[in-house]
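Just so you know, these numbers use all the heavy atoms, side chains as well, and skip hydrogens, waters and symmetry mates.
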Amino acid sequence: MSKRIIVDPITRIEGHLRIEVIVDDNNVITDAYSSSTLWRGIEVIVKNRDPRDVGFMVQRICGVCTFSHYKAGISAVEDALGIQVPFNAEMVRSLMNVSLVLHDHLVHFYHLHGLDWCDITSALKADPKKASELAFKYVDNPIGTGADELKAIQERVKKFASAKEGLGPFANAYWGHKTYKFSPEQNLIVLSHYLKALEIQRVAAQLMAIFGAKQPHPQSLTVGGVTCVVDILDPTRLADWLTKYKEVADFVNRGYYADIVMAAEVYKNEPSVLKGCGVRNFLCHAEIPVNRKETLYSTGIVRNGDISKLFDLNEELITEEATHSWYKNNQPLHPYDGETEANYTGFVDADTIGPDGTPIHTKALDIKGKYSWIKSPRYEGDAMEVGPLAAIVVGLAAKNPRITQIATQFLKDTGLPVEALFSTLGRTAARALECKLSANYGIEAFNSLVENLKTGDHSTCAPYKIDNNKEYKGRYIGNVPRGTLSHWIRIKNGVVSNYQCVVPSTWNAGPKDSKEQMGPYEHSLIGTKIQDITQPLEIIRHIHSFDPCIACSVHLMDTKGNEMGQYKIDPIAMNLKC
């Protein structure tokens, strides 16, 4: 007899995500539903605003991806107005992008997703000397794994375990779960890097702040270019960026990459992590120019996991629909013509499995109707996965030399076949490979900037004019840490007349469409066997591998599902300023 399992909220992500699955008598997932339970209305807020302000507003979509949306909003306006930004500005934006990738992926693996692979309680039983020796198996010169260092870390965490609250920030997890595969010594190595990454992510955040003024929510981009003129003309600021970049890149290569190689060795025979890639169509767009001709990422479509063929990306074939989303218009619409009119229909009564494994009656998603605030993007009618796995797969199909070198070396280091990439293990590895892409090759953008400045070209912003009597439309489409991001804008009478964002987590987390085709989150769960339905670690591990970024906002929630109240704010009528 089938059972419904609800995981809400999914923690260690950005935003508000609910996953419901149906399992059979063997606890194998047969159906899945992904739901964002909080609406972000930024697309509505920017309407009737000056397009030059859009970038500063849309970066507030998220507290994690601030630069991504900031750059997208600025670039969409530049595309609409036909502005070509100076080369110096383009390279500075690349350096800020590199900084974001390094920061984002390190934080995601160690502080969000890593504990799906690493059992903290097991690390407390490890032999630090054996762990130190083992670290050399995965990299010639490991970082943060000296025997004395590991022993000290073990003692620090043991203090949490003996404290009244028990394990402190590591409490309330599924420690001891049967699908954890690391040995105590391997767990101790990852735990060491978890703590080291707390230091390194601070340095990575400083990388962004050097040219962006602060992180999060940098302030140095403007329509036409960048405003950090003094910084890029100051050799000490350039040297500061380079020094911090090398420190972060060193940790990526001697810590992060080594841990992923270790995980591939240990988990390559674990059935649950070799699933997780049901949608085998991938979309990626070029991003991070490193000179006047080349970008770190490639553009294209890969279908059915076949990396021998690369299809051109036709932006006209991108649509969003809301058949199972809480919006009024259910028709597939191109983003230029997208609509964002809310139509919340609520939850339904249903039976599910409680935390202790016993049946309970509760509120659940209306799986036959609308059940998410996320729309369903499609490319030529098909669901597409975006993100690091898509970037690596498309890069291989495009014969991108940098991506090909890094991915080929990883497969050689682990002995994994290419097919292993199409899994939760592969997606987790792909994020590390994408981080390594910036760690190894981001320096090229820095060198390009320096060489161009030496020529005497110090331009950072292009002039432009907005004609209030003309109508404009433009878009940004590129690749950010969580995948392909696009912002689409129409400008009329000098103000924004329509704005739509198709973000990576929209592509991946969207609900079923009118054909009942699942998106990547939902499809990744199908066929997975849950060892213990009271501890559905397999669900969390699959979903975390996508690095969900659902959208942050202040909200009020009643744990019993009762409605707290409804509020309607018209920012235009109230003349609110963001």
Side-chain angles (χ1 to χ4, degrees), residues 40-63 65-97 100 208-209 211-232 287 289 335-338 340 458-478 480 485-503 551 570-578:
R40 61 162 172 73
I42 299 294
E43 294 162 322
V44 178
I45 290 173
V46 300
K47 290 183 69 173
N48 298 316
R49 303 299 183 114
D50 189 317
R52 291 166 294 190
D53 294 336
V54 164
F56 297 92
M57 294 179 182
V58 297
Q59 70 167 281
R60 266 71 187 181
I61 285 172
C62 174
C65 318
T66 59
F67 176 75
S68 298
H69 291 295
Y70 184 23
K71 179 178 181 292
I74 296 290
S75 300
V77 175
E78 290 169 342
D79 183 60
L81 300 179
I83 300 171
Q84 179 63 52
V85 302
F87 183 70
N88 290 330
E90 192 171 39
M91 289 301 100
V92 168
R93 292 179 182 186
S94 286
L95 296 182
M96 294 173 74
N97 241 335
L100 178 67
M208 175 68 77
F211 296 122
K214 62 193 186 77
Q215 165 68 355
H217 301 297
Q219 296 291 295
S220 61
L221 271 59
T222 189
V223 172
V226 295
T227 60
C228 50
V229 184
V230 174
D231 297 304
I232 68 173
E287 188 59 87
Y336 275 135
D337 304 312
T340 313
H458 295 170
S459 59
T460 55
C461 195
Y464 63 90
K465 179 182 178 181
I466 300 177
D467 188 339
N468 290 350
N469 296 317
K470 289 185 179 180
E471 293 187 23
Y472 303 90
K473 71 174 183 178
R475 95 292 182 260
Y476 161 85
I477 183 167
V480 301
L485 169 68
S486 58
H487 283 211
W488 309 76
I489 187 171
R490 287 184 181 273
I491 302 171
K492 185 177 181 180
N493 298 324
V495 298
V496 178
S497 61
N498 196 19
Y499 202 93
Q500 295 291 316
C501 310
V502 186
V503 309
D570 185 342
I572 306 302
M574 296 178 67
N575 195 29
L576 295 180
K577 300 295 184 182
C578 292

Looking at side-chain heavy atoms only, is the closest gap between [X] and [Y] below 4.5 Å?
{"X": "P218", "Y": "M96", "answer": "yes"}
{"X": "F211", "Y": "I232", "answer": "yes"}
{"X": "E43", "Y": "I61", "answer": "no"}
{"X": "R60", "Y": "I45", "answer": "no"}
{"X": "I466", "Y": "P51", "answer": "yes"}
{"X": "I74", "Y": "Y476", "answer": "no"}

What's the verdict on side-chain contact (heavy atoms from CB on, under 4.5 Å) for R52 and Y464, showing C-alpha distance, side-chain angles and the deciding distance?
CA-CA 11 Å; R52 291 166 294 190; Y464 63 90; 3.1 Å; yes

Euclidean distance, [Y] [atom2] relative to [X] [atom1], rounded to 0.5 Å:
{"X": "T340", "Y": "K47", "atom1": "OG1", "atom2": "NZ", "answer": "8.0 Å"}
{"X": "Q500", "Y": "D337", "atom1": "CD", "atom2": "CG", "answer": "9.0 Å"}
{"X": "N97", "Y": "M91", "atom1": "CG", "atom2": "CE", "answer": "11.0 Å"}
{"X": "I42", "Y": "H487", "atom1": "CD1", "atom2": "NE2", "answer": "10.5 Å"}
{"X": "Q219", "Y": "C228", "atom1": "CD", "atom2": "SG", "answer": "12.0 Å"}
{"X": "K473", "Y": "L81", "atom1": "NZ", "atom2": "CG", "answer": "14.5 Å"}

What heavy-atom pair brings [X] and [Y] nearest, and what distance separates the two atoms?
{"X": "D79", "Y": "R475", "value": "OD2-N, 2.8 Å"}
{"X": "K492", "Y": "E471", "value": "CE-OE2, 3.4 Å"}
{"X": "I491", "Y": "A80", "value": "CD1-CB, 4.2 Å"}
{"X": "P289", "Y": "S94", "value": "O-OG, 2.6 Å"}
{"X": "V496", "Y": "V46", "value": "CB-O, 3.4 Å"}
{"X": "I83", "Y": "A462", "value": "CG2-CB, 4.0 Å"}

H69 and V480: CA distance, side-chain angles, deciding distance, side-chain contact (heavy atoms from CB on, under 4.5 Å) verdict:
CA-CA 9 Å; H69 291 295; V480 301; over 6 Å; no

Can you name the residues that form a salt bridge (Lys or Arg N to Asp or Glu O under 4.0 Å) with D231, not counting sequence neighbours?
R237

Just to verify, what does E78 make a salt bridge (Lys or Arg N to Asp or Glu O under 4.0 Å) with, not counting sequence neighbours?
R93

Applying ring-ring contact (aromatic ring centres under 6.0 Å, His included), name anything that partners Y70, two or more places apart in sequence or on another chain.
F56

Please enumerate all residues that pass ring-ring contact (aromatic ring centres under 6.0 Å, His included) together with F67, with sequence neighbours excluded.
none

Partners of D467 by side-chain contact (heavy atoms from CB on, under 4.5 Å), sequence neighbours excluded?
N469, K470, Y472

With sequence neighbours excluded, tell me which residues meet side-chain hydrogen bond (donor to acceptor under 3.5 Å, both in side chains) with S486.
W488

Does any N or O in the side chain of S220 come within less than 3.5 Å of the main-chain N or O of V226, such that one atom is a donor and the other an acceptor?
no

Is it the case that the side chain of R490 and the backbone of Y336 share a donor-acceptor pair, with hydrogens and angles ignored and the cut-off at 3.5 Å?
yes

